[in-house]
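Heads up: the structure comes next, in structure tokens.
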Amino acid sequence: MLDPKYIREHATEVQTNCDHRNVKIDVSAWLKADERRLALLQTVESLRAKRNEVADKMKSASAEDRPGLIEQGKSLKDALAAGEAAFGEVDADWKRQLLAFPNLTHPASPIGMTDDDNKELRIVGEVKKLEHPLDHIALGQKHDLIDLERGAKVAGAKFYFLKGKLALLEQAMIQFALSYLAKEGFTAMSTPDLAKDDVLVGTGFQPRGPETQIYSIENSDLSLIGTAEITLGGYHKDEILPASAVPLKYAGVSHCYRTEAGTYGKESYGLYRVHQFSKVEMFVYCTPEQSEAVHLELLRHEENIFKALEIPFRVIDICSGDLGGPAYRKYDLEAWMWGRGEGKGGWGEVTSTSNCTDFQARRLNVRIKNDNGDNVYAHTLNGTAISLARAIIAVLENNQNEDGSITIPKALVPFCGFEKIG
RNA sequence: GGAGAGGUGGCAGAGUGGUCGAACGCGCCAGACUCGAAAUCUGGUUUAGCCGCAAGGUUAACGAGGGUUCGAAUCCCUCCCUCUCCGCCA
């Protein structure tokens, strides 16, 4: 959510930002609603002031004054009810519109509408030369590691079983990421896999409605989380954090559930786009002054983890139109995957890190008491440490040998206890 | 799942219709005393919105939402959460 005051004072800038973000918002229409809302607010408040005044007089009123005051109070009550109804309607609409505003955009983010306008910053590592590279599905079949058919039988399409050494490897990857982050000062967290709608909305997700990617539980206000960003963001909801406590760094493990409505074809090949996966997510609360440096730190951790997994990747600076609602700036890591690019291989998204500035904190009401004793909205940042499914694709495909065996990256061996598959 | 108790300021805890944004205490901040500290004393100490250059004014919040009333922390209803006991269970 943006600061209403900021929108009032920077209407042109905010409109331009919405345009660059590819979000259809008419700022001038909102400003009109805002004006109307404030006028009604003042009406309602002055009626309340009068009501309070009359009620106050009652305390010491004489017996003959009382009936008159009661009459006055009654008519004020009626006027107030009407005023509050009018205000409530305008206010709800005003709030709804306000929630639709995307965050502001970092001045250095590329301007553009689609992912074609994203900027490649660098490529790290080298793609292994292979005569006959196999994709993860072929590797899975060869070693009996992935069972999509029975996943579909049990839970439907885009669900899967991981078997044998791959099931062990998945846990090893989680352990590896957690222990790496613990050394970097993150507090490990195992979070709920469900969260309340207001927490979802607070972190910038839409729990219900036609366009949602979220599974919601019928007859409840709960949804299955799409990422631990949701639960970790909700963790300090409605809190005031002492300045001495930040940056607060969490590494949350959870299952992630996504409906992936309307996605088919090669973009969802194999494990690339599935309804459920495990993930270790980084989440940081910090001051506005700290957030840019923290963002780069999160990116560094993501890169370190993928380097340790011996996976070539490229770093992408996401353009304005592709940022989504909450992000002020976003970097993605795309790993090499042999199953993409029609069998020639290509880049596939494996991580994403966002600086959400105060966009989520404003909705979640998370503040920091700074050294002057003032409360300021926190900045929140998130980043994927390791997202299983996609990281599994990358590990299997990039660490395969010409004979179809898979060499386990050295960093994982202590966690899984074997060095090779096949 | 059954029975009961309860949710009030940073903590603890009073308050059962108007004198309550809220006692007393603890904590915290500032000052006095002191060479300094402790103790003691004095004052201050929730948050957010709106109006205002400011001083200041005003509204709202006692778990959440609704209702009764001229007036609600206080009465009524619904929901949420916590605790105790019983049952069940990984």
Side-chain angles (χ1 to χ4, degrees), chain A residues 1-9 30-99 101 190-202 207-208 216-223 231 234-246 248 255 358-378:
Chain A
M1 188 168 83
L2 293 183
D3 183 356
K5 276 191 205 145
Y6 189 90
I7 304 175
R8 283 175 206 133
E9 288 160 17
W30 180 84
L31 286 173
K32 283 203 191 86
D34 183 54
E35 238 171 80
R36 191 144 162 263
R37 192 191 86 100
L38 280 183
L40 285 168
L41 179 66
Q42 281 164 33
T43 306
V44 166
E45 289 197 349
S46 69
L47 283 170
R48 283 183 186 147
K50 279 199 196 107
R51 176 201 62 194
N52 291 345
E53 198 184 308
V54 169
D56 207 48
K57 277 188 197 155
M58 278 295 286
K59 286 182 230 166
S60 53
S62 60
E64 58 263 30
D65 287 342
R66 280 177 177 259
L69 286 171
I70 289 175
E71 275 318 303
Q72 226 183 315
K74 278 188 180 173
S75 73
L76 277 170
K77 186 155 84 160
D78 292 341
L80 191 53
E84 279 175 342
F87 173 76
E89 216 172 288
V90 171
D91 184 56
D93 192 50
W94 176 88
K95 188 89 195 280
R96 194 168 43 243
Q97 288 183 51
L98 190 59
L99 285 175
F101 279 74
S190 174
T191 93
D193 284 350
L194 283 78
K196 294 182 185 175
D197 288 347
D198 62 338
V199 173
L200 282 269
V201 171
R208 289 162 209 255
S216 51
I217 309 291
E218 226 176 322
N219 302 319
S220 83
D221 61 348
L222 289 170
S223 296
T231 44
Y235 189 70
H236 287 298
K237 182 167 141 52
D238 295 322
E239 291 184 28
I240 299 174
L241 307 168
S244 57
V246 298
L248 259 179
H255 292 111
D358 63 1
F359 187 87
Q360 293 176 321
R362 200 175 284 280
R363 296 177 176 218
L364 291 164
N365 192 28
V366 182
R367 287 165 294 171
I368 294 171
K369 195 180 221 37
N370 68 20
D371 294 333
N372 301 328
D374 299 324
N375 294 326
V376 297
Y377 282 108

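Naming convention: chains lettered A, B, ... in sequence-line order (proteins, then strands); numbering from 1 in each chain. Note that the structure is a prediction, hence the values are computed from the model and not measured.
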Taking atom [atom1] in both [N] and [M], what distance in whole Å separates the two?
{"N": "B:rC70", "M": "B:rC79", "atom1": "P", "answer": "28 Å"}
{"N": "B:rG18", "M": "B:rA5", "atom1": "P", "answer": "25 Å"}
{"N": "B:rU42", "M": "B:rC77", "atom1": "C1'", "answer": "49 Å"}
{"N": "B:rA12", "M": "B:rC83", "atom1": "P", "answer": "14 Å"}
{"N": "B:rG4", "M": "B:rG9", "atom1": "P", "answer": "27 Å"}
{"N": "B:rA64", "M": "B:rC81", "atom1": "C1'", "answer": "10 Å"}
{"N": "B:rU78", "M": "B:rU19", "atom1": "C1'", "answer": "33 Å"}
{"N": "B:rC24", "M": "B:rC85", "atom1": "P", "answer": "36 Å"}

Measuring from the side chain of [X] (C-beta onward, heavy atoms only), which nucleotide among [options] has the closest atom?
{"X": "A:L38", "options": "B:rU58, B:rU69, B:rC50", "answer": "B:rC50"}
{"X": "A:A49", "options": "B:rG18, B:rU59, B:rU47", "answer": "B:rU59"}
{"X": "A:R51", "options": "B:rC50, B:rU47, B:rA60", "answer": "B:rA60"}
{"X": "A:A55", "options": "B:rC51, B:rA60, B:rG71", "answer": "B:rG71"}
{"X": "A:E45", "options": "B:rU47, B:rC50, B:rC70", "answer": "B:rC50"}
{"X": "A:M58", "options": "B:rC51, B:rA60, B:rG18", "answer": "B:rG18"}

Rounded distance (Å) that lies between atom P of B:rU46 and atom NZ of A:K369: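 Computing the A:K369:NZ to B:rU46:P distance gives 10 Å.
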
Sugar-phosphate, base or nothing in reach of A:R362, heavy atoms under 4.0 Å: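 The residue A:R362 makes no contact with any strand.
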
Identity of whatever pairs with B:rA60 - Watson-Crick or G-U, under 3.5 angstrom: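 Paired with B:rU47.
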
Short side-chain N/O contact to B:rA60 OP1/OP2 from A:N52, under 4.0 Å: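 Checking B:rA60 against A:N52, a side-chain N or O does come within under 4.0 Å of OP1 or OP2.
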
